[in-house]
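Written below as structure tokens is the structure these notes are about.
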Amino acid sequence: MRISHEIRHRLHLRGEPDCEPPDPANTVTDRLNTLLNSSGPGYVLRLCPRKRYMIQSPILFAAPNQEISTLGYPTGNDRATLVVNGPVADGKGHTTAVDGTCPTCSGIVLRNIQIDGTRQGASPTQGGGNIEIGGPNSNQVVEYVRSFDPRSWTCLHIAEGALDCNNATIQNNDIGPCGSDTFQEWADGISLSCRNSIIRNNMIQNPTDGGVVLFGSPGTQVYNNTIWILNQTLLGGINLVDYDPFGGDYTGTVVTNNTILGGFATDGQGPGDTRGNNRDSAIIKIGIAIGPRTWFGDRYGSNVSRSGTVVNNQLSGAFSYAIAITSAQNFTVEGNTLFGNTSFIGARGPNCSASDTVPNPAPFVLDTKSVQGLDLQPDFQIIQDGDSLTCVLPPEGGDYWPFGGNPGGNSTPNSSGRGGSPGTKAVGLAVGLVFGVILLAILAWYIRKWALRQQKNRKHQHNNMRIPTY
């Protein structure tokens, strides 16, 4: 006998281990929204494991401390999937799967589900990201969520409201791919404009605009994230370039202990090879970008990014610039390092301004004309013009990409070392040892992350109460 909607609703209210099915598909959007809208604070909307929900418009949080999750809190492909399936016409239409920006949405939680934005190679659609949270709220959480292929500009957006968004936690998510590297068809991984927030332990694969974009967001901590590309060029790994909406204020914002991996050679590696071709000419143009002029040129005039901290991040692979700084005040940038095999490649592209002098690719570059009060590590190279550095383009083929590897595993997991003499046995042995240490460290990190996830899942399975916010 089929359980009626009313009985199922009562089961939810009593906390019974039930889940709301995706069928019939023609009513699923209304059913999910009705449950959230009618059930009040603290309600948990459980979706069914391994099921796809073909939604026609956003699913809307409606009250404080509500949760949307998959029954049993599974990870991987056992998570339920919300599929953005509403109509699109003339560049407008359905773009958002979940919206948590209502005025009473403090404390909402989105966890252990998947979001399929279904762009599927189309041009961007105007609208919000796959996930839209934030607004005039505090203590929101997004964790153990996979978000990919958004129709619009970002996989996950935390909005500022009236600059009163506060204390969002974005952790342990699998983000990407996001957007296309075709001109102006890009998309971010995580776009955050919320004070005193945390972005940690996220795996961000193949974004195309920014991996993590901080729109000021004073007081925010960004750490232990991994950002990497596979077959698309990324404009910026972590961006602290946006003047709006916080007037360039990055006070208390700390970016630390993140790993950013640019392009790697996709050729087979021969004896003594340190460079090869990348079939997609994929690079990261700027690993970490600081200051509006790096990105926007003179659009914001003399405005600056100010008072942030960028320390102890690690970068490997192919970039145009590992870290680029312009138009910045009172930033601390120290202890950021290159590891494994790296290269710095790129040249003036057709969108570079005729009035700009595009600097040669280099690891750490600084335009001193528009900076003040910086505390910098010693290896920055002074450049004459740091404006609009994302206009550079990678070479179209050639043995310029380092051999190495990334979490996606699409390139040879081997490195011959940076700056070594090809074919030298001693160098090969030394580099092999270095790579082995790096590989063991990465393996240990993944094992620890897996163990923490298992522990968290067991806790979720035995406790239907909301996990306290951080």
Practice prompt. Just say parallel, tilted or perpendicular for the rings of Phe364 and Phe380, cut-offs at 30° and 60°.
Written response: tilted

Worksheet entry | Asp78 atom CG, neighbour heavy-atom count above 12 within 6.0 Å | yes

Worksheet item: If we only count heavy atoms from C-beta on, is the Leu366 to Val371 side-chain gap below 4.5 Å?
Response: yes

Practice prompt. Evaluate the side chain to side chain contact (heavy atoms under 4.5 Å, CB included) criterion for residues Leu110 and Ile133: first the C-alpha distance (whole Å), next the side-chain angles of each, then the deciding distance (0.1 Å), finally the verdict.
Written response: CA-CA 10 Å; Leu110 182 68; Ile133 64 167; 5.8 Å; no

Item to complete: Could you walk me through whether Asn139 and Asn167 pass side chain to side chain donor-acceptor pair (under 3.5 Å), step by step?
Response: CA-CA 5 Å; Asn139 306 322; Asn167 195 35; 2.4 Å; yes

Worksheet item: Which heavy atom in Cys165 sits nearest to a heavy atom in Gly134, and how many Å separate them?
Response: SG-CA, 3.7 Å

Response to the item:
For Ser305 and Tyr250 the tightest heavy-atom approach is OG-CE1, 3.5 Å

Discussion item. Side chain to side chain contact (heavy atoms under 4.5 Å, CB included), that's the test. Do Ser193 and Phe246 meet it? Break it down for me.
Written reply: CA-CA 8 Å; Ser193 185; Phe246 285 95; 3.6 Å; yes

Fill in: Thr81 side chain to Gln114 backbone, donor-acceptor under 3.5 Å
no

Discussion item. What I'd like to find out is whether the side chain of Leu235 reaches to under 4.5 Å of the side chain of Trp295, using heavy atoms alone.
Written reply: yes

Worksheet item: Is there a side chain to side chain donor-acceptor pair (under 3.5 Å) between Thr70 and Asn112 once you walk through the steps?
Response: CA-CA 6 Å; Thr70 302; Asn112 297 84; over 6 Å; no

Discussion item. Can a donor-acceptor pair be found, under 3.5 Å and without considering hydrogens, that links the side chain of Asn166 to the backbone of Asp164?
Written reply: no

Worksheet, complete the sentence: Closest non-hydrogen atoms of His94 and Pro58, given as atom of the first, atom of the second and distance, are NE2-N, 3.7 Å

Worksheet item: Does the side chain of Met203 come within less than 4.5 Å of Asn173's, by heavy atoms?
Response: no

Worksheet item: Are any side-chain N or O atoms of Ser138 and backbone N or O atoms of Ser106, one a donor and one an acceptor, separated by less than 3.5 Å?
Response: no

Worksheet entry | Expected output: side-chain Ser327 to main-chain Ser370 donor-acceptor under 3.5 Å | no

Worksheet entry | Contact summary for Gln381 and Ala362, nearest pair of heavy atoms | OE1-CB, 3.5 Å

Worksheet item: Counting only N and O atoms by type, is there a donor-acceptor contact under 3.5 Å from the side chain of Thr208 to the main-chain atoms of Cys178?
Response: yes

Worksheet item: Any luck finding a side-chain donor-acceptor pair between Tyr223 and Arg200 under 3.5 Å?
Response: yes

Discussion item. To the nearest 0.5 Å, what is the distance between SG on Cys102 and CD on Gln66?
Written reply: 7.5 Å

Practice prompt. In sequence, state the C-alpha distance, the side-chain angles, and the governing distance for Arg151 and Thr118, and then conclude on side chain to side chain donor-acceptor pair (under 3.5 Å).
Written response: CA-CA 6 Å; Arg151 290 180 174 182; Thr118 66; 3.2 Å; yes

Item to complete: I would like to know whether Ile260 and Phe319 meet side chain to side chain contact (heavy atoms under 4.5 Å, CB included); could you show each step before the answer?
Response: CA-CA 10 Å; Ile260 304 174; Phe319 300 83; 3.9 Å; yes

Worksheet item: If you round to the nearest 0.5 Å, how far is CD1 of Ile59 from CD1 of Ile55?
Response: 4.5 Å

Worksheet item: Hey, what do you get for OG (Ser152) to CD (Glu132), rounding to the nearest 0.5 Å?
Response: 8.0 Å

Practice prompt. Would you mind telling me which of Asp385, Asp367, Asp298, Asp387 makes a side-chain hydrogen bond (donor to acceptor under 3.5 Å, both in side chains) with Arg293?
Written response: Asp387

Worksheet entry | Heavy-atom side-chain contact between Val310 and Ile290 under 4.5 Å | yes

Worksheet entry | Main-chain N/O of Ser355 paired with Ser353 side-chain donor or acceptor, under 3.5 Å | yes

Discussion item. Nearest 0.5 Å, please: how far is SG in Cys155 from CG in Asp149?
Written reply: 8.0 Å

Discussion item. Whether the side chain of Gln140 engages the backbone of Cys105 through a donor-acceptor N/O pair (distance < 3.5 Å, no angle test) should be reported.
Written reply: yes

Discussion item. Keeping Arg195 on the side-chain end and Leu163 on the backbone end, is there a donor-acceptor pair under 3.5 Å?
Written reply: yes

Worksheet entry | Which atom of Leu234 lies closest to which atom of Asp209, heavy atoms considered | CD1-O, 3.5 Å

Worksheet item: Which of these passes side chain to side chain contact (heavy atoms under 4.5 Å, CB included) with Ile199: Leu214, Ile204, Val142?
Response: Leu214

Item to complete: Give a yes or no on whether a salt bridge exists between Arg146 and Asp116, defined as a side-chain N under 4.0 angstrom from a carboxylate O.
Response: no

Discussion item. Treating Ser316 as the side-chain partner and Phe339 as the backbone partner, does any N or O pair qualify as donor plus acceptor under 3.5 Å?
Written reply: yes

Discussion item. How close do Lys92 and Thr125 get, counting heavy atoms only, and between which atoms?
Written reply: C-CG2, 3.6 Å

Discussion item. Does this structure show an ion pair linking Glu20 with Arg46, if we count only N-O contacts that are shorter than 4.0 Å?
Written reply: no

Worksheet entry | Distance (rounded to the nearest 0.5 Å) between Ile345 CD1 and Lys285 NZ | 12.0 Å

Discussion item. Could you check whether any side-chain heavy atom of Pro363 comes within less than 4.5 Å of a side-chain heavy atom of Thr342, counting everything from C-beta outward?
Written reply: no

Worksheet item: Backbone N or O of Thr251 within a donor-acceptor pair of the Ser307 side chain at under 3.5 Å?
Response: no

Fill in: Ile108 side chain reached by Asn65 side chain, heavy atoms, under 4.5 Å
no

Worksheet item: Do Ile325 and Val365 have side-chain heavy atoms sitting under 4.5 Å apart?
Response: no

Discussion item. Would you say that Arg79 contacts Pro49 through its side chain, given a criterion of any heavy-atom pair below 4.5 Å between the two side chains?
Written reply: no

Worksheet item: Any luck finding a side-chain donor-acceptor pair between Asn257 and Asn313 under 3.5 Å?
Response: no

Discussion item. Would Tyr43 and Glu67 count as a side chain to side chain contact (heavy atoms under 4.5 Å, CB included) here? Give the steps.
Written reply: CA-CA 6 Å; Tyr43 171 69; Glu67 174 182 313; over 6 Å; no

Discussion item. Could you tell me if Gln171 and Thr169 have a donor-acceptor pair between their side chains, going purely by distance under 3.5 Å?
Written reply: no

Response to the item:
Rounded to the nearest 0.5 angstrom, the CD1-CD1 distance for Ile286 and Ile283 is 10.0 Å

Practice prompt. Please lay out, stage by stage, how Asn201 and Asn225 fare under the test side chain to side chain donor-acceptor pair (under 3.5 Å).
Written response: CA-CA 5 Å; Asn201 301 334; Asn225 302 284; over 6 Å; no

